[in-house]
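Everything below concerns the one structure shown next.
By convention here, the first residue in the shown sequence is residue 1.
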Amino acid sequence: MKPSTTLKWVTGGMEAFLAIPVLGGLTVMGFGYSPLGLMLILHIITLVFSAKEGQKFHGSIWGIVASCLGWVFLLGWVLHTITAIILMIDAFASGRKEKGMQV
């Protein structure tokens, strides 16, 4: 599996966790909003690997936006949800392409 695909699965899973109502918000606030900074760094790394490998990187762009605006009530939840879905779909499609399966 390519590094970009692995990173998409990891960041997609983390975004999905942050999208869980109440639990995600409490985690972000409880750690002083540092999870948003960590996610920003991971999305930038994923973006770089995806671009290098010629993979789609729009999920990482959404993730960067979600990390920057995630502190806004309800908007953060919506952005984390959208980002998680996009990253998971990209990771699934990339994994199928790597195995030579029809997407």
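The closest donor-acceptor contact from the side chain of T81 to the backbone of W77 lies under 3.5 Å.
H43 has its side chain within reach of L87: a pair of non-hydrogen atoms, C-beta onward, lies under 4.5 Å apart. Considering only heavy atoms from C-beta on, L38 comes within 4.5 Å of M14 through its side chain. Residues F92 and W9 have side chains in contact (heavy-atom distance under 4.5 Å, counting atoms from C-beta outward). In this structure, the side chains of S94 and K2 stay at 4.5 Å or more apart for every pair of heavy atoms. Considering only heavy atoms from C-beta on, F17 comes within 4.5 Å of L23 through its side chain. Between H80 and L36 the shortest side-chain heavy-atom distance falls below 4.5 Å.
Once rounded to the nearest 0.5 Å, the distance linking OG1 of T11 with CD1 of I41 reads 13.5 Å. Put simply, CG on L47 and CD1 on I61 are 5.0 Å apart, with the number rounded to the nearest 0.5 Å.
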* **Criterion side-chain contact (heavy atoms from CB on, under 4.5 Å) on S60 and I44, from CA distance to verdict** => CA-CA 7 Å; S60 297; I44 291 170; over 6 Å; no
* Show the numbers, then the answer: is there a side-chain contact (heavy atoms from CB on, under 4.5 Å) between H58 and D90? => CA-CA 9 Å; H58 56 279; D90 277 355; 3.5 Å; yes
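Inspection of the S4 and Q55 side chains reveals no N or O donor paired with an N or O acceptor under 3.5 Å.
One hydrophobic cluster holds both V22 and Y33 under the rule that ILVMFWY side chains link at heavy-atom gaps under 4.5 Å. Residues V65 and I82 fall within the same hydrophobic cluster, defined by Ile, Leu, Val, Met, Phe, Trp and Tyr side chains chained together at heavy-atom separations under 4.5 Å. With hydrophobic clusters built from ILVMFWY side chains whose heavy atoms lie under 4.5 angstrom apart, I89 does not share a cluster with L42. Put simply, L26 and I20 are part of the same group of oily side chains (I, L, V, M, F, W, Y) that touch within less than 4.5 Å, one to the next. By the criterion of side-chain heavy atoms lying less than 4.5 angstrom apart, applied directly or through intervening Ile, Leu, Val, Met, Phe, Trp or Tyr residues, L7 is not grouped with I64; the two fall into different hydrophobic clusters.
Across all non-hydrogen atoms, the minimal contact from E53 to P3 is OE2-CD, 3.2 Å. Between F57 and S50 the shortest heavy-atom distance is CB-CB, 3.9 Å.
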